[in-house]
Structure formats: structure tokens, C-alpha cells
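All ligand and atom numbering here is 1-based and tracks the order in the structure. Positions are given from 1, in the same order as the sequence printed here.
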Amino acid sequence: MNLPQHGSNPQYIYDKMGIPKPDKWIDLSANINPLGPPDNLMKRWVDFYNEISDYPDPHALLLKKQIAKITDVDIGSILIGNGGSELITLLGRVFAGKNVLIIEPAFSEYEKVCRANDCRIFYHQLNESEWKWEENEMAEKLDDMDVVFLCNPNNPTGIHYPYSVIVKLIKECAQRNIFLIVDEAFYDFLEDYVPITPLVNKYEHLIILRSMTKMFAIPGLRLGYMLANQQIIEKLTTYQPHWSVNTLALLAGQVCLQDGAFVQNTTGYIRFERERLFSFFRKEGFAFSPSQVNFYLLRDPLEKNQLSLFEFLLRKGIVPRHTYNFPGLEGKWLRFAIKSTEENNQLMEVLKDWKQRP
Ligand SMILES: Cc1ncc(COP(=O)(O)O)c(C=O)c1O
């Protein structure tokens with residue numbers, strides 16, 4: 001099945017599935033903050049207009065200064081990107097031809113960019129019953145690797161591996177001269193996150209990637225950043241177009257990072273909605289991943305694969321994210337974003353209809 005590679009833009013999934021688009025649909029396929037961008041961004045938007053007739057700051061100095069403060073790393077260890085996706089693409093170029101281990105399931109762009117750069121790709125599949133990795137098994141897999149990709153919190157499961165587990169992996173990789181890329185695109189949806197960012201100062205093989213498009217609901221603007229040893233940042237910069245990140249994105253980023261209350265409000269809201277959804281799933285007999293962020297995997301254990309459920313939902317105007325391009329999942333689960341109370345209620349109504357169908 002040649003389905004779209006990512007969530008969002010639901011018209012493509014309807015076309016590919018050959019299902020007529022209903023008049024209204026709810027897009028649960030993209031895991032973006034349902035509260036929308038911060039109000040402060042809207043308030044400043046008109047001022048930003050005055051800035052667009054000049055080139056953006058290619059060094060993104062003001063935004064970097066803010067990030068340095070938040071993350072406890074030096075400005076020289078920060079690279080701003082046109083979305084986390086651009087930074088992943090740059091990493092692919094820097095690690096071209098290397099042996100890469102991807103801890104799966106994970107964001108599909110890692111594999112895509114590694115393939116484009118002739119890397120040799122290896123997988124470590126997380127065990128579906130607990131979504132954990134065995135340390136001994138992992139240690140064996142690390143033999144002969146140059147680079148490891150880990151998504152934490154994990155996309156698509158939403159599970160977060162705690163500080164102690166990550167630090168062990170960082171140390172193991174450091175001992176073996178392996179670059180560890182930890183993609184923290186969704187870290188700010190966690191309520192109990194312990195930052196690994198200061199470890200960039202100590203471990204020169206640690207690379208941390210963050211997206212600003214999820215929490216601050218600005219995927220249309222494109223903004224992300226990377227934290228790593230200064231030499232890696234310099235190398236990546238040589239591959240990046242000079243004005244890659246536009247002025248609106250840079251200014252928006254500065255406003256967003258000042259808005260701690262917005263993040264706090266979001267995480268509380270997401271937790272409340274997540275608990276409501278999960279208690280419904282338990283009652284109705286759906287299996288789900290114990291996510292700690294703003295999306296989760298779901299399946300009906302009575303179905304062998306979830307294609308019928310996927311089609312049923314699409315016909316009812318609910319658009320989940322398929323999992324055919326997540327190695328190890330291959331359609332056995334569907335991924336859903338947590339959205340507004342009303343949209344989550346509609347999802348639960350449709351899932352009830354599914355259970356009660358003749
Ligand atoms: C885990 C993960 N990392 C990075 C990205 C890239 O996000 P963006 O390019 O919008 O910053 C995504 C987008 O879906 C993602 O899921």
C-alpha cells in the first residue's frame with residue numbers, strides 16, 4: 001500500500017485509500033498541540049511584518065541565546081534548523097555511508113535520510129508488550145555501529161524512557177565512540193522531564209534534536225534546534241543553506257520560548273484528556289500504548305490487522321495515522337493525536353459505534 005509517509009494533509013490519505021472525503025473530518029494524524037499557537041504570537045504577528053524585507057539573521061543569535069539559557073549549553077553547541085526535519089537531513093549527510101542503528105519503531109525520516117546517504121541500516125526492535133529494550137541485547141547490537149538514533153519520547157508510542165535509562169545508553173555509546181542522536185521533538189509535553197541537555201557539554205558523541213513545531217503548533221513555520229559538540233555543529237552548518245530559517249520562524253521562536261505558562265497549561269490539559277481517553281479504551285477493550293505525551297497507539301485486539309478499523313474511522317471522518325511505514329508495526333496499530341475535548345469525544349463516539357457494529 002503506497003500511503004502517505006506522514007500525518008497531516010488528510011486529503012492524500014482519502015485519495016490513496018479510495019474513500020470519498022466526508023464533508024467534515026477530524027485530523028488526528030498530526031501530533032500538534034490542539035490549543036494552537038500561543039496567544040502572544042498572534043499579538044506580535046503584525047510587528048513581525050516589518051522584519052520580512054530584510055534577510056534573516058543567519059546565526060540566529062537572539063534565539064540561540066534563549067536556547068542556551070534554557071538548555072545550559074554554549075551558543076556554539078546550538079544549531080537552529082528549518083524544522084527538526086532539516087536537521088535530521090543534515091545529520092544524514094554528515095553520517096553518510098556509516099553504520100546506523102535505529103531503535104524502532106521510530107520517526108520514519110531517520111531511515112529515509114540514512115538510505116539517501118548510503119548508510120548501512122540496522123534495527124533494534126522494541127518489544128511490543130512493554131516497548132522496552134533489554135540492555136544486554138542492545139549492547140550486542142551496538143557492536144560495529146557508528147551512529148544510533150533514539151526517539152524519546154518515542155514517536156509513535158508516546159513512551160518516555162527516563163533519565164537513568166538514557167544516561168546509561170549515553171555512557172555505553174561514549175565508551176564505544178558511537179554517536180547517539182536523541183530526538184526530543186516531544187520532550188516539552190512531559191510533566192516529569194529531567195533534562196539531558198547539559199550532558200552535551202560532557203559527552204562529545206551526544207546529539208540532541210528538538211522541534212518547536214509540536215508544542216507551539218507552528219508546523220507551517222518550520223523551526224527546530226540541535227545541541228551537540230561544537231565540531232559537529234560546525235560540520236552540519238557547512239551543509240545548511242545560509243538563510244535556511246526564515247525571520248518569521250526566528251521571531252516566533254523567541255516569543256514561544258518565553259511562554260512557560262503556555263507549556264504548563266498545555267501539559268496539564270493533555271494529561272487530563274489522555275486519562276479520559278485511556279479510561280474509555282480500557283472500558284471498551286481497546287489496547288493502547290501507555291503514552292506520556294500528546295499521542296498514542298491504539299488497536300482493537302479482536303482484529304488481526306487494523307485496516308478495517310482504519311477504513312471505518314476514515315468513512316466516519318476520523319483521520320488517524322497509519323503505521324505501515326513504522327518497522328515492526330506495519331499496520332498492527334493506529335496512531336492518534338490528542339485533540340480538543342470535543343474532538344476526543346467524537347473519536348470515542350465513533351469507536352463505540354465500531355464496537356457496536358453488526
Ligand atoms: C520524532 C520527530 N522528530 C522530528 C520531527 C520533525 O518535526 P519538524 O520538522 O516539524 O520540526 C517530527 C515530526 O513529525 C517527529 O515526529
Side-chain angles (χ1 to χ4, degrees), residues 3-10 12-13 27-34 36-37 60 63 67 78-92 102-114 126 131 148-161 166 180-190 193 196 207-228 236 240-241 244-246 248-250 252-253 256-257 270 289 291-297 319-323 325-329 333 335-338:
L3 297 179
Q5 296 282 308
H6 292 289
S8 192
N9 313 115
Y12 294 112
I13 196 84
D27 182 11
L28 304 184
S29 70
N31 24 26
I32 301 299
N33 188 339
L63 184 59
I67 293 171
I78 302 171
L79 180 63
I80 310 292
N82 190 299
S85 308
E86 185 197 32
L87 299 168
I88 294 170
T89 305
L90 298 177
L91 283 169
I102 305 178
I103 300 174
E104 296 279 7
F107 186 45
S108 58
E109 287 293 303
Y110 312 151
E111 179 169 348
K112 188 180 138 203
V113 303
C114 288
L126 295 174
W131 308 104
V148 174
F149 271 101
L150 171 70
C151 189
N152 190 37
N154 178 273
N155 175 10
T157 65
I159 291 168
H160 174 237
Y161 300 95
I166 301 301
L180 174 63
I181 301 164
V182 185
D183 182 348
E184 294 195 325
F186 296 95
Y187 88 99
D188 36 11
F189 288 92
L190 295 166
Y193 173 76
I196 59 165
I207 299 172
I208 300 173
L209 182 75
R210 287 180 171 179
S211 168
M212 290 187 60
T213 70
K214 316 295 187 181
M215 168 55 74
F216 299 107
I218 51 169
L221 279 180
R222 321 298 307 121
L223 189 63
Y225 61 92
M226 181 179 289
L227 309 172
L236 285 158
Q240 189 181 37
S244 184
V245 185
N246 70 74
L248 293 176
L250 292 176
C256 290
L257 288 184
I270 293 287
S289 58
S291 164
Q292 287 150 272
V293 291
N294 59 322
F295 55 88
Y296 54 87
L297 289 176
V319 185
R321 166 72 159 85
H322 72 85
T323 58
N325 63 338
F326 287 105
L329 299 189
W333 294 84
R335 194 194 70 193
F336 295 81
I338 295 172

Nitrogen or oxygen contacts under 3.5 Å, ligand 1 side and protein side:
{"residue": "ligand 1", "atom": "3 (N)", "partner": "D183", "partner atom": "OD1", "Å": "3.4"}
{"residue": "ligand 1", "atom": "3 (N)", "partner": "D183", "partner atom": "OD2", "Å": "2.6"}
{"residue": "ligand 1", "atom": "9 (O)", "partner": "G84", "partner atom": "N", "Å": "3.2"}
{"residue": "ligand 1", "atom": "9 (O)", "partner": "S85", "partner atom": "N", "Å": "2.9"}
{"residue": "ligand 1", "atom": "9 (O)", "partner": "S85", "partner atom": "OG", "Å": "2.6"}
{"residue": "ligand 1", "atom": "9 (O)", "partner": "R222", "partner atom": "NH2", "Å": "2.6"}
{"residue": "ligand 1", "atom": "10 (O)", "partner": "T213", "partner atom": "OG1", "Å": "2.8"}
{"residue": "ligand 1", "atom": "10 (O)", "partner": "R222", "partner atom": "NH1", "Å": "3.0"}
{"residue": "ligand 1", "atom": "10 (O)", "partner": "R222", "partner atom": "NH2", "Å": "3.4"}
{"residue": "ligand 1", "atom": "11 (O)", "partner": "G84", "partner atom": "N", "Å": "2.6"}
{"residue": "ligand 1", "atom": "11 (O)", "partner": "S211", "partner atom": "OG", "Å": "2.7"}
{"residue": "ligand 1", "atom": "14 (O)", "partner": "K214", "partner atom": "NZ", "Å": "2.6"}
{"residue": "ligand 1", "atom": "16 (O)", "partner": "N155", "partner atom": "ND2", "Å": "2.8"}

Quiz prompt | Within-4.5 Å side-chain heavy-atom neighbours: H322 and R335 | solution = no
Exactly one of I103, V182, L126 clears side chain to side chain contact (heavy atoms under 4.5 Å, CB included) with Y161, and that residue is L126
Point to revise | Aromatic centroids of F186 and F295 separated by under 6.0 Å | key: yes
Residues pairing under side chain to side chain donor-acceptor pair (under 3.5 Å) where one sits in residues 214-227, two or more places apart or in two chains, turn out to be R210-Y225
F336 and Y296 aromatic centres sub-6.0 Å
yes
Looking only at the side chains, is there a donor atom on one of S289 and S291 sitting less than 3.5 Å from an acceptor on the other?
no
